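Predicted model only: the values in this text are computed from it and were never measured. Whatever order the structure lists them in is the order used to number ligands and atoms, beginning at 1.
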Amino acid sequence: MATARKVPLRRLVGLASLRAVSTSSVGTFPKRVKIVEVGPRDGLQNEKNIIPTPTKIKLIDMLSETGLPVIEVTSFVSPKWVPQMADHAEVLKGIQKFPGINYPVLTPNLRAFQAAVTKKMYSMGCYEVSLGDTIGVGTPGLMKAMLSAVMQEVPVAALAVHCHDTYGQALANTLMALQMGVSVVDSSVAGLGGCPFAQGASGNLATEDLVYMLAGMGIDTGVNFQKLLEAGAFICQALNRKTSSRVAQATCKL
Ligand SMILES: CC(C)(COP(=O)([O-])OP(=O)([O-])OC[C@H]1O[C@@H](n2cnc3c(N)ncnc32)[C@H](O)[C@@H]1OP(=O)([O-])[O-])[C@@H](O)C(=O)NCCC(=O)NCCSC(=O)C[C@@](C)(O)CC(=O)[O-]
């Protein structure tokens, strides 16, 4: 079972010095990356056990404290198909809405869309397309080819990537996307996630691993690493499972 513990200061100092050393090698990467945290939705939709609503709300509030700019909180889907998300309305209502943080929900059909968002948002239309490797089989080569094709039709500023780590490629695929100018990346605290309809596919890119890499490259995310680790430890303890974040695993050993 994962336990919540604070990261020793030397770990955080190490991260800060990594940032200073590597800033000059950033090259064509974006200066700032917006992380879209999908753990409370993509992560928890795939857990066998139904997580109590107050635990979900606490996780989201903890994630809000980290400075993550976007947290996908739930999905308005059929409870018959995805019972883990049946409490969507309670979760959306119960979380603290921090100023400056967006709390989107997944709405796969118009019925859900109407239930979840206002008419005003509907008229605004789609502003961002998140390209998902749901089963996590992509490689950086495929990512490059796919993005090259998509970028001929859609400005890169409107693109985001959503990588699963089934074959251990999520961080590499994300790095390729960043190199091509994408600056919005989905990730999930503790590497939670998976799609209930994609058997064998494993979790998302872990937010902790993404933040660690970006910090090491001198790319700003605005995320408080310590608080993020605490949120990851909290939900792993609640789920009684080990984190899939390599960074969180390494940090726990210190
Ligand atoms: C796809 C639909 C919406 C089609 O919904 P449908 O067209 O109504 O047809 P259906 O036969 O599949 O479902 C019918 C039942 O769902 C109900 N229903 C229908 N819509 C809703 C709703 N919004 N809220 C609550 N209930 C709903 C509807 O009322 C009916 O209930 P019944 O009469 O049988 O009791 C439905 O099948 C569904 O909700 N399926 C689950 C979809 C889902 O959650 N998928 C997983 C998320 S996607 C994902 O994980 C991938 C992603 C995005 O993360 C990318 C990546 O990982 O790479």
- Quick one: do Ser64 and Lys97 satisfy side chain to side chain contact (heavy atoms under 4.5 Å, CB included)? Show the steps, please. CA-CA 8 Å; Ser64 292; Lys97 315 279 187 330; over 6 Å; no
- Message: Under a 3.5 Å threshold, yes or no: a donor from one side chain and an acceptor from the other, between Ser130 and Asp186?
- Response: yes
Under 4.0 Å to a heavy atom of [X] - the qualifying atoms of ligand 1, by number:
X      : value
His164 : 56 (C), 57 (O), 58 (O)
Cys195 : 49 (C), 50 (O)
Trp81  : 10 (P), 12 (O), 13 (O), 36 (C), 37 (O), 38 (C), 40 (N), 41 (C)
Phe197 : 43 (C), 45 (N), 46 (C)
Val82  : 41 (C), 43 (C), 44 (O)
Arg41  : 47 (C), 49 (C), 50 (O), 52 (C), 53 (C), 54 (O)

Answer yes or no: is there a donor N or O on one side and an acceptor on the other, between the side chain of [X] and the main chain of [Y], under 3.5 Å?
X      : Y      : result
Thr207 : Val189 : yes
Asn224 : Lys227 : yes
Asp209 : Val247 : yes

- Task: Consider every N or O of Lys80 and every N or O of ligand 1, then say whether any pair is closer than 3.5 Å.
- Result: yes
Any idea which part of [X] is under 4.0 Å from ligand 1, heavy-atom wise: side chain, backbone, both or neither?
X      : result
Asp42  : side chain
Thr134 : both
Phe76  : backbone
Leu106 : side chain

Any [X] heavy atom less than 4.0 Å from ligand 1:
X      : answer
His88  : no
Gly194 : no
Met85  : no

- Do you know which of Leu205, Leu175, Val36, Thr221 makes side chain to side chain contact (heavy atoms under 4.5 Å, CB included) with Val185? Leu205
- Inspect the contact between Lys31 and Asp220 and indicate whether a charged nitrogen and a carboxylate oxygen are less than 4.0 angstrom apart. no
- Message: What I want to find out is whether Arg241 reaches Glu47 closely enough, with some N-O distance under 4.0 Å, to be called a salt bridge.
- Response: yes
- Item | Pairs involving residues 164-206, ordered by first then second residue, that meet ring-ring contact (aromatic ring centres under 6.0 Å, His included) (sequence neighbours left out) | His162-His164
- Lys58 meets the salt bridge (Lys or Arg N to Asp or Glu O under 4.0 Å) criterion, sequence neighbours left out, with none
- Among Pro79, Ser78, Ala86, Pro196, which residue places a heavy atom closest to atom 15 (C) of ligand 1? Ser78
